[in-house]
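Right, one structure below, let's go through it.
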Amino acid sequence: MSQCIALLGGSFDPVHHGHVALAALFAELLQPEQLRILPARPWQKSSLQASDAERIEMLELAFGGQAFNVTIDLQEIERGSATYTVETLRGLRAELGKDASIVFLMGADQLQKLDTWRDWKELFTLANLGVAARPGYELDQDKLPPGVASALAGRLATPAEVRATPHGKVCLAHTLAVDISATQVRNTLRTGADEGTDLGALVPPQVLDYIQQHNLYKS
């Protein structure tokens, strides 16, 4: 039986409860042999506030105690330049072979702008997609850009079908009710959480300790 590898990419500036919840949800649904976390050097975000080393340390703290098998995959950072998801997936497909089920995980907010990604239609020839709903971002086809909705038609599948298929399927999960963004976390840290916001509800406690010890996101 071929293996299933789930991938969660992102800036993780900083990693927060939403990232961990998304990973845990699909770890439960897909039962992958491995879940790889891919910190990016993203082309869309030129000004990351934390350094690569700081983002990696925060990821290790956030995912270190999880019940599923997690690997922090540094290939996008080690590439040393802005990275496109399609390039990373081409490399992973070459590494893992044609039979492995590769599942690229994302939130519904990313699915809604998928048609702005480089060579986005090629993603379906390289991997499956696992997409989680977020409050305010609908997964209904009529809420998506027409091109994305058209690409998804006929691809929707159960977690078991996605696990058994190398690429081209899409699993939609409507059960993730976590609405946190890294921008929200950074803004709260900068303003001092004085509006009754509980930082512990946004960021894992060990990550919050690290942020405070290293005085990150203050300016």
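Taking both residues in full, the closest heavy atoms of N69 and E33 are given as ND2-O, 3.0 Å, listed atom of the first, atom of the second, then distance. Considering all non-hydrogen atoms of both residues, S101 and T165 come closest at OG-O, 3.1 Å. Residues L29 and A173 approach most closely at CD1-CB, 3.9 Å, considering heavy atoms. Nearest heavy-atom pair, V203 versus V185, reported as atom, atom and distance to 0.1 Å: CG2-CG1, 3.5 Å. Nearest heavy-atom pair, G200 versus H17, reported as atom, atom and distance to 0.1 Å: O-NE2, 3.0 Å.
Under a cut-off of 6.0 angstrom, the local environment of CD in Q31 is crowded, with over 12 non-hydrogen atoms contributed by other residues, nucleotides or ligands.
With hydrogens and angles ignored, the 3.5 Å screen pairs no side-chain donor or acceptor of N128 with any backbone N or O of C171. At least one donor-acceptor pair under 3.5 Å links the side chain of T125 to the backbone N or O of E122. At least one donor-acceptor pair under 3.5 Å links the side chain of D13 to the backbone N or O of Q49. Side chain of H214 to backbone of L216: no donor-acceptor contact under 3.5 angstrom is found. Checking side-chain atoms of H16 against main-chain N and O of L202 turns up no donor-acceptor pair under 3.5 Å. With hydrogens and angles disregarded, no donor-acceptor distance shorter than 3.5 Å links the side chain of R163 to the backbone of C4. R93 places a side-chain N or O within donor-acceptor distance of the main-chain N or O of A100, the cut-off being under 3.5 Å. Checked by atom type and distance alone, the side chain of Q66 never pairs as donor or acceptor with a backbone atom of F63 at under 3.5 Å. In terms of modelled atom types and a separation under 3.5 Å, the side chain of R55 and the main chain of S11 share a donor-acceptor contact. At least one donor-acceptor pair closer than 3.5 Å links the side chain of E54 to the backbone N or O of S51.
Within the 4.5 Å cutoff, side-chain heavy atoms of W117 are placed close to those of L123. Looking only at side-chain heavy atoms (C-beta outward), L30 and L35 stay at 4.5 Å or farther from each other. Using a 4.5 Å heavy-atom cutoff, the side chains of H167 and F124 are not in contact. Considering only heavy atoms from C-beta on, Y84 stays 4.5 Å or farther from T88 through its side chain.
Ring centroid separation for the pair H19 and F12 comes in under the 6.0 Å cut-off.
Atom CG in L105 sits 10.0 Å away from atom CG in L38 (nearest 0.5 Å). Rounded to the nearest 0.5 angstrom, L114 CG and L129 CG are separated by 6.5 Å. Here CZ of F104 is found 6.0 Å from CG of L89. Values are rounded to the nearest 0.5 Å. In this structure, the separation between CG on L74 and CG on D52 is 9.0 Å, given to the nearest 0.5 Å.
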Checking Y217 against N187 for the side chain to side chain donor-acceptor pair (under 3.5 Å) test, could you report, in this order, the C-alpha distance in whole Å, the side-chain angles of both residues, the deciding distance, and whether it holds? CA-CA 8 Å; Y217 309 113; N187 289 342; over 6 Å; no

With side chain to side chain donor-acceptor pair (under 3.5 Å) as the criterion, how do Q184 and R186 come out once you've worked through the C-alpha distance, each side chain's angles and the decisive distance to 0.1 Å? CA-CA 6 Å; Q184 173 192 5; R186 290 194 300 270; over 6 Å; no

